[in-house]
Amino acid sequence: MTSALHDCPRLLALGPDFFARTPRGVARELLGKVLVRRDETDLLAGRIVETEAYLGTNDLAAHAAAGNTARNAVLFGPPGHAYIYFIYGNHYCLNVSCEREGQAGSVLIRALEPISGLEEMARARGLSLVSRSDSVRLTSGPGRLAEAFGITRARDNGRDLTDESSGLWMADDGFRPGRIRVTTRIGITKAAAHRLRFVVAGNPFVSGPKARR
DNA sequence: ATATCGATTATCT
DNA sequence: GATAATCGATATG
């Protein structure tokens with residue numbers, strides 16, 4: 001008697017302390033961790049291979065730069081909560097809050113390597129997995145991974161990611177990434193010079209041009 | 001492989 | 001009224 005679940009270590013949620021530090025540190029340390037979504041029908045899991053740090057009110061590229069508003073209030077709340085924003089009239093993106101209550105900061109999850117629930121992710125993305133390489137399109141990019149995991153603002157904004165009972169959390173399964181590459185952030189115009197993007201070097205699920213992987 | 005462009009809407013100026 | 005932490009399609013080398 002065997003199942004995929006039996007073969008997996010228990011995916012314990014990273015606790016609030018993990019997120020209670022600078023976005024730069026959280027972004028770096030999240031590489032290799034696992035994003036998990038569990039609901040009544042599905043267990044989805046993907047390894048984090050690309051992140052970006054967004055700082056506080058003086059980071060012009062960060063949504064926190066607008067001050068505490070209805071849209072971004074989660075950024076100013078306690079660490080380890082989901083900040084979901086809607087962008088270009090089309091896509092949702094997942095961030096996790098960092099630091100502490102009153103100090104804004106977050107990490108954007110930019111790409112995952114899918115581990116479990118690939119068929120369900122493909123269905124959510126409107127794709128079919130005919131060849132092995134098709135899996136790259138499931139979760140390679142912030143909008144793509146949100147769609148694959150069914151993440152929306154209405155459903156998930158403010159969700160406590162440090163509580164497994166929330167159904168969406170991050171876990172350490174013992175895996176340690178290899179070489180890490182640091183680059184400038186992608187897709188922004190303001191404060192573009194800072195090197196706050198972290199990727200697992202050479203991982204095929206990292207988004208963006210080849211030179212940035 | 002890289003570049004350009006259109007889609008589509010919540011949010012802020 | 002302009003903009004945006006993107007994606008997928010199309011064009012071109």
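Note that the structure is a prediction, hence the values are computed from the model and not measured. Naming: A, B, ... by sequence-line order, numbering from 1 per chain.
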- Span of DNA chain B, from the first to the last nucleotide whose atoms fall under 4.0 Å of chain A heavy atoms: B:dA7 to B:dC12
- Query: Roughly how many Å is it from OH in A:Tyr92 to P in C:dA4, rounded to a whole number?
  - Reply: 20 Å
- Atom-pair distance (CG on A:Leu94; P on C:dT6), nearest Å: 14 Å
- Item | Range-with-range stems for DNA chain C, at least three Watson-Crick or G-U pairs under 3.5 Å | B:1-7 with C:6-12, B:9-12 with C:1-4
- Within-4.5 Å side-chain heavy-atom neighbours: A:Asn95 and A:Ile84: no
- Message: What is the distance, to the nearest angstrom, from the CD1 atom on A:Ile186 to the P atom on C:dA5?
- Response: 13 Å
- Base, sugar-phosphate, or nothing: which does A:Thr189 touch, judged by heavy atoms less than 4.0 Å apart? sugar-phosphate
- Task: For A:Leu60 and C:dA5, give me the distance from atom CG to atom P, rounded to whole Å.
- Result: 11 Å
- Query: Between A:Lys190 and A:Leu127, which is nearer to the 5' end of DNA chain C once each is assigned its nearest nucleotide?
  - Reply: A:Lys190
- Item | Between C1' of C:dA5 and CZ of A:Arg71, the distance in whole Å | 9 Å
- Query: Does the side chain of A:Arg144 come within less than 4.5 Å of A:Arg137's, by heavy atoms?
  - Reply: yes
- Can you find a pair of side-chain heavy atoms, one from A:Thr51 and one from A:Arg197, that are under 4.5 Å apart? no
- Item | Residue whose nearest DNA chain B nucleotide is more 5′ - A:Pro209 or A:His91 | A:Pro209
- Quick one: are A:Val200 and A:Arg179 in side-chain contact, heavy atoms under 4.5 Å? no
- Message: Distance criterion of 3.5 Å, no angle test: do you see the side chain of A:Tyr85 paired donor-to-acceptor with the base of C:dA4?
- Response: no
- Nearest to the side chain of A:Asn95 - C:dC7, C:dA4, C:dA5? C:dA5
- Message: Measuring only between side-chain heavy atoms, which start at C-beta, is A:Arg24 closer than 4.5 Å to A:Val182?
- Response: no
- Message: Whole angstroms only, please: what is the CG-P distance between A:Asp59 and C:dA5?
- Response: 11 Å
- Look at A:Arg197 and C:dA5 and indicate whether a side-chain polar atom (N or O) is within less than 4.0 Å of OP1 or OP2. no
- Message: Side chain of A:Pro142, heavy atoms from C-beta onward: which of C:dC7, C:dA4, C:dA5 has the nearest atom to it?
- Response: C:dC7
- Are A:Ile180 and A:Val199 side-chain neighbours, meaning at least one heavy-atom pair lies under 4.5 Å? no
- Message: Check this for me: does any side-chain nitrogen of one of A:Asp42 and A:Arg123 sit under 4.0 Å from a carboxylate oxygen of the other?
- Response: no
- Side chains of A:Leu14 and A:Trp169: does their closest heavy-atom pair fall under 4.5 Å? no
- Message: Suppose we call two aromatic rings close when their centres sit under 6.0 Å apart. Are A:Tyr54 and A:His63 close by that rule?
- Response: no
- Sorted by position of nearest nucleotide on DNA chain B, 5' first, the leading residue of A:Ala66 and A:Tyr88 is A:Tyr88
- Item | Heavy-atom closest pair, residues A:Asn203 and A:Arg213 | O-CD, 4.2 Å
- note: A:Tyr54, atom OH; C:dA5, atom C1'; distance rounded to Å ~ 4 Å
- Is any side-chain N or O of A:Arg125 closer than 4.0 Å to OP1 or OP2 of C:dC7? no
- Round to a whole Å and report the spacing from CD1 of A:Ile87 to P of C:dA2. 17 Å
